[in-house]
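Each remark here refers to the structure printed beneath this line.
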Amino acid sequence: MNNSPINSSDDFTRVPIQLLYNPPQKGDFPSQSFNNWRNGLKNVLSSVESSSKRHERNPIVLFLNDKYVCTYDMYPKAKYHMLLMRRKINTHIGNLTHLNTLNDLDSSNLHELREFHALGRAIATQILEYHRTHEMSRNPPIIMKVGYHAIPSMEPLHLHIISSDLDSACITKREHVVSFTSPLFFVEAEAVEQHLESAFTSSIALTIRKDRAQSIRSYTPMMCVRCGKAAVSVPDWKRHNKQCNKLPTKKESSGRLNSLLGWRRAVVLGEDADGADLIKVGSKKKLA
DNA sequence: GTTCTAGAAC
DNA sequence: GTTCTAGAAC
């Protein structure tokens, strides 16, 4: 079984000390139905559950415990690129199970989200360790990033764990570059936590300013992750990215505000939300 | 002529 | 999310 036996306690943030990064073949992923690519990740989760039920090793899984699963990304945009998700089983209490996007989050999710993110960081740390021990000599230094896309293409809620090199044949479009380099579009896990911490009632849900996010993804210049040089085309960006010698820039000061994140009233008991945006004024909130 | 982007995909 | 490819950009 893939599930490495770790402590039997309910600490779901622990990761085996020696994680092996062994990416699968494309054919190992569940085949996508032609017109239904949006269900791709749901199919991945189903595949994880059925192999787990049969106690079979599943090559698309890097790590799993009773609550969460970390799978390889089918189209990795960097040397190391994984997705962390809440498993769709209820053997352990939690409220992230049925969430699909950042817009489903409110402060009642904060406790479990902290655990989710802590596991993501632990995996990132072990991947860095793997990199140091196996790959350091023939690769430039990297840092690991843990966060969400402001506009995800697939459900359910998934946390990207990705290395900073972005050296991948799967990067073919400017959106690929921007969605992992823009500090606005790539929403750090920490920024989500801090934003939720600033809500003072769980009836206030997080919301993404989607139009802004879209325009950021479409119009932000492609920049080198190491030296900041702007590129004129995707191939130009990739050529420079391969040869730039600078160290990757450390992540921007933690807790930095992400202006794509906002608030709205959460849906209550199946009633339609009025959808009104809320803005914060000092410590108070009022209707925008 | 070649490179590159961007829109359709039932 | 990707693949394919027409035609824009170089």
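Heavy-atom basis, side chains included; hydrogens, waters and symmetry copies ignored. Each chain gets a letter, A, B and so on, in the order its sequence line appears, and its residues count up from 1. Small disclaimer: the values here were computed from a predicted structure and weren't measured.
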Residues A:Tyr148, A:His158; criterion ring pair (Phe, Tyr, Trp, His ring centres under 6.0 Å); working and verdict: CA-CA 7 Å; A:Tyr148 303 87; A:His158 53 283; 7.9 Å; no

Starting at CG of A:Asp236 and ending at C1' of C:dA9, how long is that distance when rounded to a whole Å? 14 Å

Whole-Å distance, A:Asn100 CG to C:dG1 C1', equals 16 Å

Tell me the stems DNA chain B sits in, counting at least three consecutive Watson-Crick or G-U wobble pairs, each under 3.5 Å on both distances. B:1-9 with C:2-10

Which atom names give the shortest non-hydrogen contact between A:Asn95 and A:Glu112, and what distance separates them? N-OE1, 2.6 Å

Here the distance between atom P of B:dT5 and atom NZ of A:Lys173, to the nearest Å, is 11 Å

Just checking, A:Lys145 and A:Phe186: is the charged tip under 6.0 Å from the six-membered ring centre and within 45° of the axis? yes

Without swapping roles, check the side chain of A:Ser168 against the backbone of A:Pro76 for a donor-acceptor pair under 3.5 Å. yes

Counting only side-chain N and O atoms of A:His176, is one of them less than 4.0 Å from OP1 or OP2 of C:dG1? no

From CZ of A:Arg174 over to C1' of B:dT3, roughly how many Å is that when rounded to an integer? 17 Å

Any side-chain N or O of A:Arg239 under 4.0 Å from OP1/OP2 of B:dT3? no

Once you round it to whole Å, what is the distance between P of C:dT2 and CZ of A:Arg38? 13 Å

Is the closest side-chain donor-acceptor distance between A:Ser203 and A:Asp106 under 3.5 Å? no

Listing, residues 18-28 of chain A side-chain donor-acceptor contacts under 3.5 Å, not counting sequence neighbours, or none:
residue, atom, partner, partner atom, Å
A:Tyr21, OH, A:His81, N, 3.1
A:Lys26, NZ, A:Met74, O, 3.1
A:Asp28, OD2, A:Gln25, N, 2.8

In residues 70-84 of chain A, which residues come under 4.0 Å of DNA chain C by heavy atom? A:Tyr75, A:Lys77

What is the distance from NZ of A:Lys238 to C1' of B:dT5, rounded to the nearest Å? 14 Å

